Amino acid sequence: MSARDGGRLGGWRGDAIDLGAVALLLLVPVIGFAPTFDGPQYLIPALAGLVLGLGIAWTGATRRWSVLLLAAAAVGVYFVLGGALALPHTAIGGVIPTIDTLRQLAAGVVTSWKSLLTSIAPVAAADGHLIVPLLLSLAFATLAGSLALRVVPAAWTLVPAAALLVLQIALGTAQPAAPFVQAAVFAVVAVAWLALRTALAPQRSAVATAESAQADGGRSSVVRRVVSGAVVLAIAAGAGAVSLALAPANETRYVLREVIIPPFDIREYPSPLQSFRLYVRDFDEDALFTVRGLPSGARLRLATMDAYSGVVYDVADSSSDFTPIRSNMAQGAPGEAARLTVEVGGYEGVWVPAAGAVRSLAFDGDRGESLRRSAYYNADTGTAVVRDGLREGDRYTADVVIPPTSADEALADDDFADVDLPRPVDVPGDVAELAADAVAEARTPIEKARALTSFLSEGGFFSHGLEGEVPSRAGHGSQRIASLLGAEQMVGDDEQYAVAMALMARELGIPARVVLGFHPGEDETAENPYVVTGDDVHAWVEIAFEDAGWVAFDPTPPEDQQPNDQTTRPKSAPKPQVLQPPPPPQEPVELPPLVPDDRKADEDAEPEDGALGLILLVGGAGVSVLLLLLAPFVVIGAVKAARRRRRRAAERAADRISGGWDELRDRAVDYRAYPLDGASAGGTRSEEAAVLVATLEDARVTDLAARADAGVFGPGEPDPEFVAAFWSEVDALVDGMGEKATFWSRLRARLSLRSLRRRTGSSWIRRLRAAAADRRKDG
């Protein structure tokens with residue numbers, strides 16, 4: 001290997017071995033990102049960044065680029081090709097970057113980390129998250145490839161490879177992809193590559209004067225190294241397999257997103273079903289919001305309730321899996337795709353009206369960004385919430401999938417689904433008996449569901465209890481449902497009938513839940529805007545079937561189905577009733593405001609805890625990016641510092657003297673005061689000193705070379721005082737070089753890789769001379 005080859009194995013085969021090993025090491029964390037993304041699309045920017053980074057590293061090593069040139073090349077490739085790889089929807093033809101592409105790429109260096117960590121995995125590629133795998137693979141491939149081709153020892157390459165693996169774990173999910181496979185592949189590749197480099201090093205660095213016997217010994221040494229490496233790999237693989245077998249089955253790891261994304265607690269908000277009468281009483285003619293694009297026959301869902309406490313029907317804790325919105329929600333939902341545009345009028349509240357299964361939700365207007373950050377969606381119940389609350393003037397677009405309507409004939413052979421729902425609490429005693437009587441003649445699941453619907457819709461009467469209507473109390477607590485089902489004439493509206501049917505179904509083991517939403521009129525179509533008023537509010541029941549999914553049922557009697565008189569009478573022959581304890585008093589529940597409140601609630605509001613977390617997140621992301629950019633400089637400085645310590649603390653005093661001279665020459669190489677290649681390569685210290693005197697213009701170098709030869713080749717070992725004085729003179733000469741250089745020259749010298757390239761000529765000649773000196777001393 002020539003001096004020009006630096007720390008490389010030599011030739012295109014050696015470069016292929018080094019770069020291939022680096023590629024395999026970095027593929028481990030790249031594959032580990034699989035659970036974080038919603039598909040294999042992330043592999044395109046990740047693998048492209050890996051290839052481009054290794055290409056930059058090889059070009060830089062071949063052309064001897066400095067660290068600054070390497071960094072500039074990586075930055076240029078990122079901005080030129082980043083649009084096509086990570087943001088194709090912003091580029092012209094998906095390839096040529098636009099101003100918006102460059103802006104997003106520049107901002108993504110800082111913001112992409114926060115965006116990835118604050119999105120629930122698996123994240124969507126269309127949300128700009130592909131910047132992260134591109135940036136990481138490009139940066140770490142450039143750094144690791146440069147270290148593999150330039151720095152000795154090559155083990156320094158494992159530092160950025162391991163750092164990328166740690167970053168992938170921190171930015172990933174709590175459930176790893178294949179931890180044992182990742183660890184095994186990383187360990188095997190690292191050990192095999194370093195063993196191969198060690199085995200090939202004597203063959204490529206042997207001098208021309210080597211004896212044939214020494215060559216035979218080198219071959220046997222290679223065999224021993226290969227066998228030893230195979231044994232080490234076998235032991236490592238066996239230990240990994242045993243540890244995997246003994247590891248807990250349900251063990252998860254801690255990742256950053258588990259800390260940054262606080263759990264959303266739906267219990268902070270009262271059940272929207274409690275506001276049913278408020279809509280029909282105070283907002284019956286007010287335009288709450290306007291919807292465009294709603295397919296004919298589709299329903300607008302405000303919220304889904306699946307837990308009954310005896311006081312209120314609310315969202316269960318077990319089903320409140322509300323996650324921040326993203327662009328790949330409700331994947332695989334069957335039905336008709338539609339795009340809804342909603343403009344909020346008089347409506348105010350945290351519940352977001354939508355239809356079907358929501359795939360994406362985009363907010364517009366002045367509050368669009370704040371609404372997006374505070375928006376959550378529950379894919380299981382189809383309910384969306386915004387913490388900041390909707391108000392007049394807000395606009396949003398929802399890409400939804402409207403599920404197909406299943407006829408009773410299609411549900412004839414469809415059984416009820418096995419859905420985990422919380423058990424209702426404090427259900428009135430007559431509910432189970434009435435439910436059993438209602439479905440006594442039903443045989444199939446759909447017949448049972450229709451029997452419950454008919455029992456209420458045909459046997460009851462409709463009334464909101466407003467002025468001029470038949471009295472009908474609001475609410476849906478246990479006492480209200482008992483009075484509805486126990487009266488001679490059942491009188492109520494959607495709120496009572498939907499809850500009554502859901503409780504009757506649950507008592508029969510049928511999976512049912514209550515939905516609050518809005519029904520468009522028969523004259524509303526997708527072409528005409530649907531102006532929603534309080535008079536359009538409805539509540540209905542959804543029952544889960546195995547094949548059809550959740551099917552809607554309307555147990556409320558028609559509005560024109562009125563009782564025969566204005567009073568309800570007790571049943572003529574009531575059954576003997578067992579004295580029941582009085583129901584617990586219902587605490588008044590404050591309804592969510594639908595109109596502006598004059599109370600100064602915001603004046604005493606304390607800042608949310610999330611503000612501090614967001615500040616820490618942005619600061620941490622900035623520090624992480626800064627550390628990533630400074631990583632090459634830190635690694636180079638650490639390598640040079642370790643080299644100096646190794647020379648200064650050599651076991652033999654003569655080696656410490658020789659190391660001091662090597663330190664002076666290498667620092668001069670970094671300052672470009674000594675040619676890396678030339679006539680002086682492989683020369684004596686006197687010849688090297690002559691070159692240094694001419695460039696440094698300091699005659700002390702000649703005296704220092706003579707003292708170095710005396711300490712190395714002279715009789716006996718130099719005493720510690722001689723070594724300390726020699727190193728002090730070396731440090732003084734190095735400081736002199738720095739004082740004469742400009743700031744940029746000093747910076748270039750600190751970041752230079754020139755002195756890290758191995759010069760075989762002088763090193764092997766010096767080793768032969770040192771061996772000869774040892775033989776003379778011995779005898």
Side-chain angles (χ1 to χ4, degrees), residues 1 3 6-7 147 150-156 159 194 197-198 201-202 205-207 221 635-671 674 676 680-689 692 700-737 749-750 752-779:
M1 183 183 66
L147 292 178
R150 298 190 182 201
V151 176
V152 178
W156 282 105
V159 174
L194 294 179
R197 286 186 62 100
T198 303
S205 60
V207 295
S221 177
V635 171
I636 293 172
V639 171
K640 291 183 178 181
R643 180 184 63 185
R644 187 183 189 281
R645 287 193 300 269
R646 184 175 64 253
R647 290 169 172 174
R648 187 68 176 84
E651 182 177 358
R652 297 174 63 246
D655 291 338
R656 293 198 292 272
I657 294 295
S658 178
W661 177 261
D662 291 341
E663 183 71 17
L664 174 63
R665 184 200 59 241
D666 287 342
R667 296 299 293 274
V669 168
D670 288 338
Y671 276 103
Y674 186 87
L676 188 62
S680 60
T684 64
R685 291 192 181 90
S686 298
E687 294 170 342
E688 293 177 343
L692 290 174
R700 290 180 299 174
V701 177
T702 303
D703 177 64
L704 193 66
R707 292 166 59 187
D709 287 339
V712 174
F713 299 107
E717 286 287 325
D719 54 46
E721 290 77 10
F722 182 89
V723 174
F726 184 85
W727 270 90
S728 297
E729 191 71 18
V730 169
D731 292 338
L733 289 171
V734 171
D735 292 341
M737 284 187 275
R750 289 182 180 274
S752 176
L753 297 173
R754 291 167 57 85
S755 65
L756 296 177
R757 300 167 186 160
R758 180 177 297 173
R759 292 174 304 281
T760 58
S762 60
S763 60
W764 276 93
I765 291 175
R766 192 165 293 116
R767 290 179 186 177
L768 291 175
R769 289 174 177 172
D774 290 341
R775 286 195 297 269
R776 288 197 299 270
K777 291 178 182 179
D778 295 338

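Just so it is clear, the structure is predicted and the values come from calculations on it, not from any experiment.
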Inset, instruction - Give a yes or no on whether the backbone of Gly660 and the side-chain of Arg647 come within a donor-acceptor separation of less than 3.5 Å. - result: no
Inset, instruction - Given side-chain contact (heavy atoms from CB on, under 4.5 Å), test Arg707 with Ile657 step by step and report yes or no. - result: CA-CA 9 Å; Arg707 292 166 59 187; Ile657 294 295; over 6 Å; no
Inset, instruction - With Arg685 as reference, evaluate Leu704, Leu692, Asp709, Leu664 under the side-chain contact (heavy atoms from CB on, under 4.5 Å) test and give the passing residue. - result: Asp709
Legend entry - Side chains of Arg643 and Glu663 in contact at under 4.5 Å (non-hydrogen atoms): yes
Legend entry - salt bridge (Lys or Arg N to Asp or Glu O under 4.0 Å) against Arg700, all qualifying residues, sequence neighbours excluded: Asp698, Glu729
Legend entry - Ala654 to Gly711 - nearest heavy-atom pair and separation: CB-O, 4.1 Å
Inset, instruction - Rounded to the nearest 0.5 Å, what's the gap from CG on Asp655 to CZ on Arg646? Could you check? - result: 12.0 Å
Legend entry - Trace of the side-chain contact (heavy atoms from CB on, under 4.5 Å) decision for Arg150 with Trp156: CA-CA 10 Å; Arg150 298 190 182 201; Trp156 282 105; over 6 Å; no
Inset, instruction - Say whether, by atom type as modelled, one donor and one acceptor occur between the side chain of Ser728 and the main chain of Ala724 under 3.5 angstrom. - result: yes
Legend entry - Check ion pair Asp666-Arg644 (N to O, under 4.0 angstrom): no
Inset, instruction - State which residues pass side chain to side chain contact (heavy atoms under 4.5 Å, CB included) with Ala689; sequence neighbours excluded, sorted by chain then number. - result: Trp661, Val701, Ala705
Inset, instruction - Can you measure from CZ (Phe713) to OG (Ser658) and round to the nearest 0.5 angstrom? - result: 8.0 Å
